[in-house]
Amino acid sequence: MALQEPQPTPPAGGQAGIGAWYTCTPSDATGLVTTFWSNNPPPGVVTYTPAQAAFRLVQRFQLGPIDIGMAPASKVHDDDAPGTAPYRRTWVGIPVWLWVENPQPLTWGPYTETATLGGVTVTATASVSSVTWTSDDGSSATCGLGTPFDIEAMRDQAAVDSPTCGFRFQKTSAKEADGTFTVTASTQWTVAWTGGGTDGTLVARNTSTSAEVTVGELQSVNTPNQDGDRKK
């Protein structure tokens with residue numbers, strides 16, 4: 001029993017980073033060689049293909065979710081410091097800015113390791129290819145790092161959308177069981193690897209994290225003017 005070299009194209013449903021083609025030569029006089037695909041090395045076979053070695057190396061990576069950057073900040077009243085409430089507050093139709101706060105190698109990349117596995121030395125580098133933001137109200141956006149909200153720079157401007165990543169809630173969260181919408185940031189990781197005289201790309205597992213947002217609705221109020229007419 002041995003790893004087939006070179007490796008043919010994987011069969012339908014097969015993934016090169018997981019399985020491989022193997023050959024089995026019987027001990028009798030027929031000399032008939034059997035070729036088969038297996039997702040796991042057969043007993044006695046300890047050699048990996050470069051793609052298998054890369055896949056197993058990436059399985060060791062401790063990749064984590066991003067830290068959510070979001071405007072509105074997490075607070076109840078304007079004079080509260082960020083982080084004093086477990087949820088954020090905004091209103092229907094108001095721009096929500098979304099970004100990756102404090103990106104690190106294990107939350108954004110690039111993150112690189114080299115190891116020898118199954119007789120093959122490989123180097124793999126993981127990086128985030130995109131972040132998909134989704135909300136219980138149906139809002140969504142797929143972005144890169146996004147743009148942090150600068151409250152000082154935006155203080156004298158009307159509400160504007162983020163230039164890179166964000167959305168506007170379309171309805172209130174008042175009817176939700178806990179009065180909030182959950183905004184989830186799902187990170188898609190891509191891994192480039194080299195080793196054994198070849199290279200390739202793997203799609204690593206997603207990581208995700210979430211935040212709770214209370215979404216209210218601004219109301220118009222009619223008030224009389226000095227002439228007795230009413231205006232908004």
Q | disulfide bond (SG atoms under 2.5 Å apart) pairs, two or more places apart, involving residues 175-217 | A | none
Q: Could you verify whether a donor N or O on one side chain and an acceptor N or O on the other, from T116 and T121, lie under 3.5 Å apart?
A: yes
Q.
For the residue pair T123 / E113, report whether a side-chain donor-acceptor contact shorter than 3.5 Å exists.
A. no
Q: Give, for atom CG of L57 and atom CG of L117, the distance between the pair rounded to the nearest 0.5 Å.
A: 6.0 Å
Q: Give, for atom CG of D161 and atom CZ of R168, the distance between the pair rounded to the nearest 0.5 Å.
A: 4.0 Å
Q | Minimal non-hydrogen separation, Q188 against N206, with atom names | A | OE1-OD1, 2.7 Å
(Q) For a quick test of reading the model, state the closest non-hydrogen atom pair linking F181 to S135 and the distance between them. (A) CB-OG, 3.8 Å
Q.
Side-chain heavy atoms nearer than 4.5 Å, only ILVMFWY residues, links allowed to pass through others: does that put V203 and W193 together?
A. no
Q) Which atom names give the shortest non-hydrogen contact between G69 and W133, and what distance separates them? A) O-CH2, 4.1 Å
Q | CG on D136 to OG1 on T182, rounded to 0.5 Å | A | 4.5 Å
**Q.** Partners meeting ring-ring contact (aromatic ring centres under 6.0 Å, His included) with Y48 (sequence neighbours left out)
**A.** none
Q: Would you name the heavy atoms of T107 and P65 that are closest together and state the gap between them?
A: CG2-O, 3.2 Å
Q | Path from V183 to V92 over hydrophobic side-chain contacts below 4.5 Å | A | yes
Q. At what distance, to the nearest 0.5 angstrom, does OG1 of T49 lie from CD1 of I18?
A. 11.0 Å
Q | Nearest heavy-atom neighbours spanning A53 and V120 | A | CB-CB, 4.1 Å
Q: Check step by step if side chain to side chain contact (heavy atoms under 4.5 Å, CB included) holds for E217 and F169.
A: CA-CA 10 Å; E217 188 170 20; F169 288 101; over 6 Å; no
Q | Under 3.5 Å: donor-acceptor pair, side chain of Q52, backbone of G17 | A | no
Q: Supply the atom-to-atom distance S129 OG to W189 CH2, rounded to the nearest 0.5 angstrom.
A: 9.5 Å
(Q) A side-chain contact here means heavy atoms from C-beta on lying under 4.5 Å apart; do L63 and L106 qualify? (A) yes
Q.
Please check this pair: side chain of S173 against backbone of T214, looking for a donor-acceptor N/O pair closer than 3.5 Å.
A. no
Q) Taking all non-hydrogen atoms of both residues, which atom of V100 and which atom of W108 are closest, and how far apart? A) CG2-CZ3, 3.7 Å
Q: Test R60 against R56 for side chain to side chain contact (heavy atoms under 4.5 Å, CB included), laying out the working first.
A: CA-CA 7 Å; R60 300 179 178 183; R56 283 157 176 76; over 6 Å; no
Q.
We want to know whether T164 and T147 form a side-chain donor-acceptor pair, criterion being a heavy-atom distance below 3.5 angstrom.
A. yes
Q: I would like to know whether V191 and Y111 meet side chain to side chain contact (heavy atoms under 4.5 Å, CB included); could you show each step before the answer?
A: CA-CA 9 Å; V191 180; Y111 177 77; over 6 Å; no
Q. Roughly how far apart are Y22 OH and N40 CG, rounded to 0.5 Å?
A. 7.5 Å
Only distances under 3.5 Å count here; give the side-chain donor-acceptor pairs of residues 3-15 to other protein atoms, sequence neighbours excluded, each with its distance to 0.1 Å.
{"residue": "Q7", "atom": "OE1", "partner": "W21", "partner atom": "N", "Å": "2.9"}
{"residue": "Q7", "atom": "NE2", "partner": "Q4", "partner atom": "O", "Å": "2.8"}
{"residue": "Q7", "atom": "NE2", "partner": "W21", "partner atom": "O", "Å": "2.9"}

Q: Answer yes or no: is there a side-chain heavy-atom contact under 4.5 Å between I66 and P103?
A: no
Q: Check T112, T114, T194 against T125 for a side chain to side chain donor-acceptor pair (under 3.5 Å) and give me the one that passes.
A: T112
Q. Does the pair F149 and W99 meet the rule for a side chain to side chain contact (heavy atoms under 4.5 Å, CB included), with working shown?
A. CA-CA 8 Å; F149 184 81; W99 67 92; 3.8 Å; yes
